[in-house]
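Numbers for residues simply follow the sequence, beginning at 1.
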Amino acid sequence: METEGISECFDKCACARSDRAVPGSIRRVSRVLVDLLERRSLTGRSVLELGCGLGALSISAVSRGAARANGIDLSPVAICEASRLAKEAGLADKVSFTVGDGAHVELPRSDVVILDKVICCYPRVDALIENSVRAAGSTYAFVLPFSSGLRGVVSRVAITLENAIRRVKRQSFRAYVHDVGKVEARVREAGLQRVESARRLIWYVAVYERGS
């Protein structure tokens, strides 16, 4: 399966990071994404995070006013640790985590759908985008590598180097640089319009909303 390598890789990442993870602590581009969402208001909204990892972004969203959050990830280890961290944060009644492939499982309709550095984990993204956009009640937000211009060149070099390291380590997971223009075109086709965006190093951050 395409996603086996993703699950194996992030099982290992979760094991390595869980001991030092702080519930709801987010950094760098993830913080930028949540800041943009908070600017559009998270208060009282439901959040669905695909590729949630240890759940920091979901926990942070609830801490900033979201009514509830549901995280989905391919890694059973990450989901187990995310649930533990939500409990430590006293948010187990508002945040839940489940194992699943966001490209194929039935997703709960949510006000806000988030994909933070998830699109670049899939070799083919049509099913992921189609399934996740359909679940977005009002807001769709994502982070992915730039694919054009100088930032696109840098992102391709960086991800090529990362993949080379994984190859040396005999890891089957690979990251990908997808055409940002095509991704955004598919999101617009679903009836959403971009309302916020930001640039950080190789990362492009965008928030889309449905028209009223």
Side-chain angles (χ1 to χ4, degrees), residues 1-38 42-122 125 128 131-132 135-137 139-144 166 171-173 175 203 205 207:
M1 291 176 60
E2 281 185 349
T3 56
E4 281 184 4
I6 304 175
S7 177
E8 291 172 4
C9 176
F10 289 99
D11 275 349
K12 293 177 181 177
C13 287
C15 287
R17 297 174 182 173
S18 61
D19 287 343
R20 61 180 185 272
V22 177
S25 176
I26 54 175
R27 300 183 303 159
R28 301 188 180 108
V29 71
S30 297
R31 179 178 292 277
V32 172
L33 175 60
V34 178
D35 286 347
L36 291 180
L37 288 170
E38 187 175 28
L42 284 166
T43 303
R45 306 178 83 187
S46 58
V47 173
L48 172 64
E49 183 189 4
L50 304 183
C52 64
L54 297 178
L57 198 151
S58 292
I59 293 171
S60 177
V62 170
S63 298
R64 296 187 187 207
R68 64 184 185 278
N70 180 30
I72 297 176
D73 198 281
L74 284 159
S75 165
V77 176
I79 290 300
C80 181
E81 292 303 308
S83 299
R84 177 183 64 80
L85 290 167
K87 186 176 180 179
E88 283 185 13
L91 295 173
D93 59 330
K94 293 185 176 182
V95 184
S96 61
F97 299 101
T98 54
V99 178
D101 183 349
H104 300 294
V105 299
E106 184 175 352
L107 301 175
R109 184 81 167 175
S110 304
D111 296 322
V112 181
V113 174
I114 300 170
L115 297 90
D116 181 12
K117 300 184 289 294
V118 174
I119 293 172
C120 55
C121 293
Y122 282 72
V125 295
L128 175 65
N131 199 34
S132 57
T139 303
Y140 189 80
F142 57 82
V143 176
L144 78 170
R166 293 186 182 104
Q171 296 176 356
S172 58
F173 171 68
W203 301 106
V205 187
V207 177

**Report entry** Closest approach of Gly55 to Ala82 (non-hydrogen atoms, all atoms of both residues)
**Finding:** N-CB, 3.9 Å

Query raised in the report: Would you find a donor on one side and an acceptor on the other, under 3.5 Å apart, between the side chain of Ser75 and the backbone of Asp73?
Result: no

Report summary line: d(Asn131 CG, Leu50 CG) to nearest 0.5 Å is 8.0 Å

Query - Side chain to side chain, Asn70 and Ser110, heavy atoms closer than 4.5 Å - result: no

Requested in this report: Carefully, step by step, assess Lys87 and Arg84 under the rule side chain to side chain contact (heavy atoms under 4.5 Å, CB included).
Outcome: CA-CA 5 Å; Lys87 186 176 180 179; Arg84 177 183 64 80; 5.7 Å; no

Query raised in the report: If you look only at pairs with a residue in residues 91-100, which of them pass as a salt bridge (charged side-chain N to carboxylate O under 4.0 Å, His left out), with sequence neighbours excluded?
Result: none

Query raised in the report: Where do Tyr122 and Ala103 come nearest, in terms of heavy atoms and distance?
Result: CE2-CB, 3.9 Å

Report summary line: Smallest heavy-atom separation, Ile26 atom then Arg64 atom, equals CD1-NH2, 4.2 Å

Requested in this report: List the steps, then state whether side chain to side chain contact (heavy atoms under 4.5 Å, CB included) holds for Thr98 with Val105.
Outcome: CA-CA 11 Å; Thr98 54; Val105 299; over 6 Å; no

Report summary line: Closest non-hydrogen atoms of Leu54 and Leu85, given as atom of the first, atom of the second and distance, are O-CD1, 3.7 Å

Query raised in the report: From Glu49 CD over to Leu115 CG, what is the distance, rounded to the nearest 0.5 angstrom?
Result: 8.5 Å

Query raised in the report: Out of curiosity, Leu36 CG to Arg31 CZ, how far, rounded to the nearest 0.5 Å?
Result: 12.5 Å

Requested in this report: Quick one: closest heavy-atom pair of Ser58 and Val95, and the distance?
Outcome: CB-CG1, 4.2 Å

Report task. Answer yes or no: is there a donor N or O on one side and an acceptor on the other, between the side chain of Arg68 and the main chain of Ser46, under 3.5 Å? Result -> no

Requested in this report: Take Ser30 and Lys117 through the side chain to side chain contact (heavy atoms under 4.5 Å, CB included) test and state the conclusion after the steps.
Outcome: CA-CA 9 Å; Ser30 297; Lys117 300 184 289 294; 3.2 Å; yes

Query raised in the report: Below 4.5 Å, heavy atoms only, C-beta onward: do Ser132 and Phe142 meet side chain to side chain?
Result: no

Query raised in the report: Looking at CG of Leu33 and CH2 of Trp203, how far apart are the two atoms once the value is rounded to the nearest 0.5 Å?
Result: 12.0 Å

Report summary line: Of all heavy-atom pairs linking Ser60 and Val34, the shortest is OG-CG1, 4.0 Å

Query - Rounded distance [0.5 Å steps], CG in Leu48 versus OG1 in Thr139 - result: 12.5 Å

Report summary line: Value for CD1 (Ile72) from CG (Asp101), rounded to nearest 0.5 Å, stands at 9.5 Å

Query raised in the report: More than 12 non-hydrogen atoms from neighbouring residues, nucleotides or ligands closer than 6.0 Å to CZ on Arg28, yes or no?
Result: no

Query raised in the report: Are Leu37 and Ile114 close enough, and set up right, to give a side chain to side chain contact (heavy atoms under 4.5 Å, CB included), and what steps lead you there?
Result: CA-CA 10 Å; Leu37 288 170; Ile114 300 170; 3.5 Å; yes

**Report entry** Close side-chain approach of Val62 to Val47, heavy-atom, < 4.5 Å
**Finding:** no

**Report entry** Under 3.5 Å: donor-acceptor pair, side chain of Ser63, backbone of Ile59
**Finding:** yes

Query raised in the report: Do Leu107 and Val113 touch side chain to side chain, with heavy atoms closer than 4.5 Å?
Result: no

